[in-house]
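Chain letters run A, B, ... following the sequence lines, proteins first, then strands; residues in each count from 1.
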Number of protein chains: 2
Amino acid sequence: MSQHRPGGLSELPEATVARLPEYLRALHGLAEAGHDTVSSEGLATAAGVNSAKLRKDLSHLGSYGTRGVGYDVALLIEQIEYVLGLTQHRAVALVGVGNLGHALAGYAGFATRGFRIAALFDADPAQIGEVISGLTVHHIRELPRIAAEESISIGVIATPAGAAQAVADQLVAVGVTGILNFAPCVLSVPEGVDVRKVDLAIELQILSFHEHRKAAAGSAGPTASLTALPGGMAGNGASGGNQEAVGS
Amino acid sequence: MSQHRPGGLSELPEATVARLPEYLRALHGLAEAGHDTVSSEGLATAAGVNSAKLRKDLSHLGSYGTRGVGYDVALLIEQIEYVLGLTQHRAVALVGVGNLGHALAGYAGFATRGFRIAALFDADPAQIGEVISGLTVHHIRELPRIAAEESISIGVIATPAGAAQAVADQLVAVGVTGILNFAPCVLSVPEGVDVRKVDLAIELQILSFHEHRKAAAGSAGPTASLTALPGGMAGNGASGGNQEAVGS
DNA sequence: CGCGATTTGTGCACATCTTCACAAGCGCCT
DNA sequence: AGGCGCTTGTGAAGATGTGCACAAATCGCG
Ligand SMILES: NC(=O)c1ccc[n+]([C@@H]2O[C@H](COP(=O)([O-])OP(=O)(O)OC[C@H]3O[C@@H](n4cnc5c(N)ncnc54)[C@H](O)[C@@H]3O)[C@@H](O)[C@H]2O)c1
Ligand SMILES: NC(=O)c1ccc[n+]([C@@H]2O[C@H](COP(=O)([O-])OP(=O)(O)OC[C@H]3O[C@@H](n4cnc5c(N)ncnc54)[C@H](O)[C@@H]3O)[C@@H](O)[C@H]2O)c1
C-alpha cells in the first residue's frame with residue numbers, strides 16, 4: 001500500500017492541528033464509554049465536525065484506520081497525543097494570580113489533558129507566598145531560577161493588559177517559546193515564539209454581531225442592508241458628504 | 001465615486017467579523033492616546049495584522065477612510081460598534097458560578113466592551129443568594145422569568161461539561177440565540193443558534209504541538225519526520241503489519 | 001473461497017482567505 | 001493652480017481549507 005510517509009510534523013495543516021485536540025477529547029469520551037473502535041462518522045459526530053474532514057485530518061498523521069471497521073480508539077489516542085507532544089506532561093508557568101489566575105490555577109483540566117502547572121507567579125507582594133491548590137505563588141523575579149529548575153516550556157499570562165508585554169518579555173528571556181495570553185492586547189515576540197490569545201470580550205462581540213445580523217434579517221427582510229448606519233456626522237463633521245446608505 | 005453599497009451584514013466574511021473586535025480594541029487605545037486619525041499601517045500594527053488585510057476588512061463596511069490621510073478614529077469606532085451590534089449593551093446571562101464563573105462575574109471587561117451581565121445562575125443550593133460583584137446568584141429554574149424581564153440575548157456556560165448540554169437547552173428554550181461555552185464538550189443546538197467555544201486545554205495543546213514540532217526540527221534536522229512514532233502495537237495487536245514508519 | 005456490506009483514503013472542484021502591487025484619490029505646499 | 005507625496009481601495013494570483021463522491025480495502029458470512 002501507499003505507506004504514505006507521514007512526512008514531518010511541519011506538514012500538518014494548521015487547521016488540522018487545531019482540530020486534533022477536539023478529536024482527542026472525543027476519543028477519551030468514547031474510550032471511557034467502552035468503545036474499542038469508532039468509525040469516522042461516529043467520531044466526527046462526537047467532535048462536531050464533518051466526517052470527510054475528519055478522515056482527511058487523520059490521514060495526515062499516517063492514519064491507521066481499517067476500512068470496513070474504523071479506527072482503533074486506544075491507538076488513535078496514542079497517535080494524537082504523540083503528535084501533539086503530550087506524551088511528556090509539559091510544565092506550564094502561570095503568571096498573574098488575580099481573579100482569573102485563581103480560577104486557572106485551580107482548574108483540573110490542566111492536569112487531565114496533558115499539562116502540569118509547575119509554578120505560579122505574581123508581582124503583588126500581598127499574593128506572594130499564598131498557596132493555591134497546593135502551589136505556592138512566587139515573585140515574578142524568581143522566574144529565571146524556577147524556569148531553569150522546572151524546564152518550563154509554556155507560559156500563561158493572566159495579568160492586566162498593561163503588564164502583559166513585560167511579562168511576555170520575561171518569559172521569552174527564560175526560554176519559553178509558547179505563550180497563552182488572556183490579556184486583551186497584542187504581544188510582540190521574537191520569531192520562533194508562538195502566541196495564542198484568548199479574549200472573552202472578542203468572543204462575545206462576534207456573537208453580538210450574529211445577533212445583530214439575525215435581528216436585521218428578521219425585521220428588514222432577506223435583503224436587509226446596513227440600515228440606520230450611524231452615518232458620518234457623529235464623531236466629527238469631516239468626511240460627511242455621502243452617507244445616504246440609509247433605508248435604501 | 002463607487003459608493004459601493006455596503007451590501008448587508010450577511011456579506012461580511014466571517015474572517016473579517018472575527019477581526020473587527022481586535023480593531024475596535026486597538027482603536028480605543030489610539031483614541032485614548034489622543035489620535036484623531038490613523039493610517040491602515042498604524043492600525044494594522046496596533047491590531048497585530050497585515051495592513052492590506054485591514055484595509056480590505058474595512059472596505060467591507062463601506063469604509064470611510066481618506067486617501068492620503070487615513071481613517072477617522074472616532075468615526076471608525078462608531079462604525080465598527082454599530083456593525084457588531086454593540087450600540088445597545090446586550091444583556092448576558094452567566095450560568096455556573098464555580099471557579100471560573102466567579103472570575104467571569106467579576107470581570108470588568110464585560111461592561112467596558114459592550115455587555116451587561118444581567119444575571120447569574122447556578123444549580124447548587126449553596127450558591128443561590130450569594131452576591132458577586134453586586135449581582136445575586138439565582139437558581140437556574142428562575143431563568144425563564146428573568147430572561148423575559150431582562151431580554152437576555154447571550155448566554156455564557158461555565159458549568160461542568162456534563163451539565164452544559166442541559167443548560168444550553170434551557171437557554172435556547174428561553175430565546176437565547178448566542179452561546180459562549182467554556183465547558184469542554186460539543187453542544188447541539190437548533191439551527192439559528194450560534195455557539196462559540198473557549199477551551200483552555202485545546203489552546204495549550206495547540207501550543208504543545210508547536211513546541212513539539214520546534215523541538216523535532218531542532219534535534220533531527222530540517223527534514224525531521226515523525227520520528228519515534230509510538231508504532232502501532234500498543235493499543236491492540238490488530239492492524240499491526242505495516243508500521244515501519246520508524247527511522248527510515 | 002468468494003461476495004456483499006461497510007468504511008476508509010483521496011482526487012477534484014469549489015469556497016474562502018491572504019497577500020502583493022498599483023492606480024486613483026486626497027491634502028498640503030509652493 | 002499645479003505638482004508631489006502619502007494612503008486608500010481593489011484586482012488578481014496564490015494559498016489554504018472544505019466537502020462531495022467514489023474507488024479501494026477489509027471484514028463477516030454463507
Ligand atoms: N477575570 C476574567 O474573567 C477575565 C476574562 C477574560 C480576560 N481577562 C483578562 O485576564 C487578565 C487578568 O484578569 P483578572 O481579572 O485576573 O485581573 P486581576 O487584576 O484580578 O489580576 C491580575 C494579577 O496580575 C498581577 N500582576 C500585575 N502585574 C504583574 C506583573 N508585572 N507580573 C506579574 N503579575 C502581575 C496582579 O498582582 C494581579 O494579581 C486581564 O488582562 C483581563 O483583562 C480576565
Ligand atoms: N476553572 C478554569 O480555569 C477553567 C478553565 C477552562 C475551562 N473550564 C471549564 O469551565 C467549566 C467550569 O469550571 P469551574 O472550574 O468553574 O467548575 P466548578 O465545578 O467550580 O463550577 C461549576 C459550577 O456549575 C454549577 N452547575 C453544575 N450544574 C449546573 C446546572 N445544571 N445548572 C447550573 N449550574 C450548574 C455548579 O454548581 C458549580 O457552581 C468546566 O466545564 C471547566 O471544564 C474551567
Side-chain angles (χ1 to χ4, degrees), chain A residues 1-7 10-20 22-23 35-73 75-76 79 232 236 238-242, chain B residues 1-7 10-20 22-23 35-73 75-76 79 232 236-242 245:
Chain A
M1 56 113 61
S2 63
Q3 177 55 23
H4 179 247
R5 182 94 64 75
S10 337
E11 294 178 17
L12 278 183
E14 195 54 36
T16 295
V17 172
R19 282 187 294 265
L20 290 179
E22 196 67 54
Y23 301 157
H35 291 74
D36 289 333
T37 63
V38 64
S39 70
S40 64
E41 191 64 39
L43 182 52
T45 302
V49 303
N50 175 301
S51 71
K53 184 153 53 178
L54 179 133
R55 287 198 297 277
K56 190 157 290 184
D57 283 342
L58 295 187
S59 78
H60 285 117
L61 338 161
S63 179
Y64 291 92
T66 308
R67 294 170 194 228
V69 177
Y71 299 89
D72 182 281
V73 172
L75 176 57
L76 199 48
Q79 288 259 326
N236 66 344
S239 99
N242 60 353
Chain B
M1 56 115 51
S2 63
Q3 177 54 20
H4 178 246
R5 183 95 63 73
S10 336
E11 295 178 16
L12 278 182
E14 196 53 36
T16 294
V17 172
R19 282 187 295 265
L20 289 180
E22 195 68 54
Y23 302 157
H35 292 73
D36 289 333
T37 63
V38 63
S39 69
S40 64
E41 191 63 39
L43 182 53
T45 302
V49 303
N50 176 301
S51 71
K53 184 153 53 177
L54 178 131
R55 284 198 298 277
K56 189 153 287 187
D57 284 341
L58 294 187
S59 78
H60 285 119
L61 338 162
S63 179
Y64 292 93
T66 307
R67 294 169 195 229
V69 178
Y71 299 88
D72 181 280
V73 172
L75 175 56
L76 199 48
Q79 288 260 325
N236 67 344
S239 98
N242 60 353

Derivation of the side chain to side chain contact (heavy atoms under 4.5 Å, CB included) call for B:Thr37 and B:Tyr71: CA-CA 5 Å; B:Thr37 63; B:Tyr71 299 88; over 6 Å; no
Mind running side chain to side chain contact (heavy atoms under 4.5 Å, CB included) on A:Leu61 and A:Leu58 for me, showing each step along the way? CA-CA 5 Å; A:Leu61 338 161; A:Leu58 295 187; 4.1 Å; yes
Pair A:Asp72, A:Asp36 - check side chain to side chain contact (heavy atoms under 4.5 Å, CB included), show working. CA-CA 6 Å; A:Asp72 182 281; A:Asp36 289 333; 5.6 Å; no
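To the nearest angstrom, C1' of C:dC17 lies 15 Å from CG of B:Leu54. We find that CG of A:Leu58 is positioned 12 Å from P of C:dT10, with the value rounded to whole Å. Per the geometry, CZ belonging to B:Arg67 stands 15 Å off C1' belonging to D:dG5, to the nearest Å. Between the C1' atom of D:dG9 and the CG atom of B:Leu61 lies a distance of 13 Å, rounded to the nearest Å. Whole-Å rounding puts the B:Arg55 CZ to D:dT8 P distance at 6 Å. Rounding to whole angstrom units, NZ of residue B:Lys56 and P of D:dG14 are separated by 15 Å. With rounding to whole Å, B:Glu11 atom CD is found 14 Å from C:dC17 atom P. In this structure, B:Asp57 places its CG atom 13 Å from C1' of D:dG9, rounding to the nearest Å.
The phosphate of D:dG17 (OP1 or OP2) has no side-chain N or O of A:Asn50 nearer than 4.0 angstrom. An OP1 or OP2 oxygen of D:dG9 is reached within less than 4.0 angstrom by no side-chain nitrogen or oxygen of B:Tyr64. For B:Ser40, a side-chain nitrogen or oxygen approaches OP1 or OP2 of D:dT8 to under 4.0 Å. Applying the 4.0 Å criterion to OP1 and OP2 of C:dT18, one finds that B:Arg19 has a side-chain N or O inside that range.
Between B:Leu43 and B:Leu76, the closest side-chain pair of non-hydrogen atoms falls below 4.5 Å.
When each of A:Ala52 and B:Ser39 is assigned the nucleotide of DNA chain D with its nearest heavy atom, B:Ser39 is the one assigned upstream, toward the 5' end.
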